[in-house]
Structures are given as structure tokens and as C-alpha cells.
Amino acid sequence: MSTAIDILLAGLIGRGIARSRTPEMHMAEAAAQGMRSVYRIIDVDLLPADDQNMKTIVHAAEMTGFNGLNVTYPFKMGVIDLLDELSPNAAAVGSVNTIVFRDGRRIGHNTDLWGFAESLRQNMPDAPLETVLLLGAGGAGVAVAHALADCGTRHLKIFDLDPDRAEQLAAQVQANRPGLRVAPVATVAEAAGLDLSGIVNASPVGMAKTPGTPFPFEFLRPGMWVADIVYFPLETELLAAARQLGCRVLPGSGMAVFQAVRAFELFTGRRADPVRMKAAFDAFDEIPRATADAWVNLPS
């Protein structure tokens, strides 16, 4: 744990994230620990076209004195080129969702891996893990794939609209977690024909910005469990259909809270209380906020 700080200044970069609950979790935890805090949403979709540049945004945050940034869809992989150093887990999975500015260096971390694993362990500890289908091989998918391996999944199937990306992730996870049997699947229908224990959606499909379902409802079966990392909306179309059918479901709230717990600790050097952060998450009223105004006058 690094030296503790007394003021938190941080932000979240992504697209279509105006309803993110991350700021409330961080600021509520900071207040509970007697800290002052400002946490800004940086929704790239709401910025002027000339300002939609990750290099410029990260530089501006660093020059403004931010302690760090959280990073979400679709920047978790691309942001790596802007960093000076990666933590071991970020380097292993090739995805960053937390940047810490310290001593003139930009250090990338991945708290998604632990966040999803802890959510699964805490909220569905007896979930069968014989054969699991992962939907999405992007920045979140790489972390979830490793988390599923760490939780005891025996056979992992990966589907992505980009077959090459699914193959690359399968090879990466197999190399990092040699005890796991992992393989890409060409179609969702192919995966649905297997005896699936569970399904995890780590794609952006289901977000308010990209509604829909990545897994056709007709392929759902009551005996499987279904998890989604999307949490705005909290009840995605996939989870609603699975719940109605009688499947056990795991919403994205658990991963959102636990990844924030670890990120808060990285930003501040202080232990975070998961119960308090979950209460802040649950209390959020989901009213979209204006976000771009906070970035108009940042230094270039």
C-alpha cells in the first residue's frame, strides 16, 4: 500500500458513460474517510470533436494534478501506449482500467480481473464452472477470462464478433493459465450447442448506448447461470430474459463495486470499505449528468 493521501482528484474516461456510478462510489468513500474529493466523468462522446483524443485527455488530467484515472470502454487496450509502466496483472492481461499518476510516471493497473472474480466468489460462490462461455474479447473480456480461470473454470469458450480477437485471447489465457482448457467458438449457436454451465457478457452489447443482447434468448436454459458486466442499465435485456426463465443471474454491479474498491486503494493508498461503496452504488439515482463542461479549460 502506497503513502496515503488526503485529497482525491480523479476521473473516468469512456464513451456513453454519463450514467456511471463510479464517481459516487469514490467520493462517498473519500468522505467517509474524512477526505476531500472531486471525481469527474469524461464522456468522450460529449466532448467537442477536437478534444476526443486520449493522449490529450490523459495529459490534461496529469497536468491538472489528478491522482489518477479510471478507463472504460473502448479505451482499455489503446491507452497502454500512453503509459510508462504496467503492473504485473495489467501486463499479463494486456488491458488497463486504472491509471495512477505518481512521481512523474503513469502506471497502468487492471482492477477488473479481481473485481469480477470477487463478485463471482461473493455473490455466486457455488456456481458450476465446468464449461463457461465468454462473450466479448475486448478490454473487459481479457480481464474476465483470466478471472474465470482463477475462480476454477475448467473449459472456457470465447466468442467475439472479431474471430481473430477471440483466437488471440484464447491463446493468451491458455499461456497465462495453463491449467485451463480454452478455445474460441465461431458462432454463438455453436457455443449454445454445448452443455454450458454459465455465460458471461463482457461485450458492450446491452449498454444504454448499445442496447440489445449478445446471446439469443432462445438459447438460454434454466440450468445455466448468466452474468453481465454492464451496469447501466443494471438489468440488461439478457439478464431480464435469463431471470424470467429461472436462470441464476449476476449483474454488473458486483464487478463495478469491487473494481472501484481496488482502484480507490491504488489512487489514495487507503483501504476501502466494499459495503460503503456498494451502498453508494445502490443509492445512485441514475440521472444523467453533464460532464464535458469540466474539461473545457483544462491545460493542453
Side-chain angles (χ1 to χ4, degrees), residues 12 14 20-22 25 70-74 76-77 87-98 108-129 131-160 166 169-170 172-173 176-177 180 182 196-207 214-215 224-232 234-236 238-239 242 247-266 272 274 277-278 281:
L12 171 67
S20 173
R21 306 185 188 200
T22 299
M25 287 192 287
N70 286 128
V71 182
T72 190
Y73 173 80
K76 293 183 180 184
M77 292 178 165
S87 69
N89 69 336
V93 303
S95 175
V96 165
N97 77 315
T98 302
H109 299 264
N110 189 296
T111 70
D112 283 337
L113 195 164
W114 183 80
F116 182 83
E118 193 67 8
S119 176
L120 186 61
R121 286 191 289 256
Q122 295 282 342
N123 299 306
M124 204 180 285
D126 58 344
L129 296 169
T131 304
V132 178
L133 170 65
L134 173 64
L135 300 163
V142 294
V144 171
H146 288 80
L148 286 167
D150 292 348
C151 286
T153 298
R154 296 187 60 188
H155 300 85
L156 179 64
K157 307 298 182 182
I158 302 173
F159 172 78
D160 193 276
L169 177 55
Q172 178 188 2
V173 178
N176 290 338
R177 304 291 192 272
L180 175 70
V182 55
L196 294 176
S197 307
I199 301 166
V200 183
N201 176 38
S203 81
V205 179
M207 293 174 61
F215 191 82
M224 62 177 57
W225 55 268
V226 180
D228 207 321
I229 70 163
V230 172
Y231 74 85
F232 43 97
L234 188 57
E235 181 87 327
T236 61
L238 175 61
L239 289 187
C247 300
R248 298 173 64 190
V249 300
L250 182 67
S253 54
M255 177 177 173
V257 170
F258 285 115
Q259 67 79 23
V261 166
R262 185 61 58 87
F264 183 91
E265 295 173 353
L266 290 168
M277 295 187 84
K278 178 63 162 59
F281 181 97

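Keep in mind the model is a prediction, meaning the values are calculated, not measured.
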Is any side-chain heavy atom of Leu134 closer than 4.5 Å to a side-chain heavy atom of Lys157?
-> no
At what distance, to the nearest 0.5 angstrom, does OG1 of Thr22 lie from CZ of Phe232?
-> 7.5 Å
Please report the closest heavy-atom contact between Gly14 and Thr72, naming both atoms and the distance.
-> CA-CG2, 3.7 Å
At what distance, to the nearest 0.5 angstrom, does NE2 of His109 lie from CG of Asn70?
-> 11.0 Å
Does any non-hydrogen side-chain atom of Phe258 lie less than 4.5 Å from one of Gln122?
-> yes
Just wondering, do Arg262 and Glu118 contact through their side chains at under 4.5 Å, heavy atoms?
-> no
Atom NZ of Lys76 and atom OG1 of Thr98: how far apart are they, to the nearest 0.5 Å?
-> 8.5 Å
Can you check side-chain contact (heavy atoms from CB on, under 4.5 Å) on Leu266 and Thr111, steps first, answer last?
-> CA-CA 9 Å; Leu266 290 168; Thr111 70; 3.7 Å; yes
Nearest-0.5 Å distance, OG of residue Ser203 to CG of residue Asp160 | 8.0 Å
Spacing of Leu133 atom CG and Ile158 atom CD1 [to the nearest 0.5 Å] = 9.0 Å
What heavy-atom pair brings Pro128 and Trp225 nearest, and what distance separates the two atoms?
-> O-NE1, 2.8 Å
Closest non-hydrogen atom pair, Leu129 against Cys151 | CD1-O, 3.2 Å
Gly254 and Asn123 have their tightest heavy-atom pair at CA-ND2, 4.3 Å
Nearest-0.5 Å distance, CD1 of residue Ile229 to CE of residue Met255 = 4.5 Å
Student check: side-chain heavy atoms of Leu250 and Ser119 closer than 4.5 Å | yes
Nearest heavy atoms of Pro274 and Val257, plus distance in Å | O-CG1, 3.9 Å
Let me see the working for Gln259 and Phe116 under side-chain contact (heavy atoms from CB on, under 4.5 Å), right down to the final yes or no.
-> CA-CA 8 Å; Gln259 67 79 23; Phe116 182 83; over 6 Å; no
Do Pro214 and Phe159 come close enough that some side-chain heavy atom pair is under 4.5 Å?
-> no
Do Asn110 and Asn89 have side-chain N/O donor and acceptor atoms under 3.5 Å apart?
-> no
Determine the minimum heavy-atom distance between Met77 and Ala137, stating which atoms define it.
-> CE-O, 4.1 Å
Check the pair Val71, Leu12 against side-chain contact (heavy atoms from CB on, under 4.5 Å), reporting the backbone distance first and the verdict last.
-> CA-CA 6 Å; Val71 182; Leu12 171 67; over 6 Å; no
Salt bridge (charged side-chain N to carboxylate O under 4.0 Å, His left out) against Lys278, all qualifying residues, sequence neighbours excluded = Asp282
Please name all residues satisfying ring-ring contact (aromatic ring centres under 6.0 Å, His included) with Phe281, sequence neighbours left out, ordered by chain then number.
-> Tyr231
Is the backbone of Leu239 close enough, under 3.5 Å, to the side chain of Thr236 for a donor and an acceptor to pair up by distance?
-> yes
Taking the side chain as every heavy atom from C-beta outward, state whether Val144 and Asp112 have any atom pair closer than 4.5 Å.
-> no
Report yes if the side chains of Arg154 and Leu180 come closer than 4.5 Å at any heavy-atom pair, otherwise no.
-> no
Salt-bridged, Arg248 to Asp126, with N to O below 4.0 Å?
-> yes
Is a donor on one side and an acceptor on the other found under 3.5 Å between the side chain of Gln172 and the backbone of Ala92?
-> yes
With a 4.5 Å limit on heavy-atom distance, are the side chains of Arg177 and Asp150 in contact?
-> yes
Step-by-step side-chain contact (heavy atoms from CB on, under 4.5 Å) determination, His155 to Val132 | CA-CA 6 Å; His155 300 85; Val132 178; over 6 Å; no
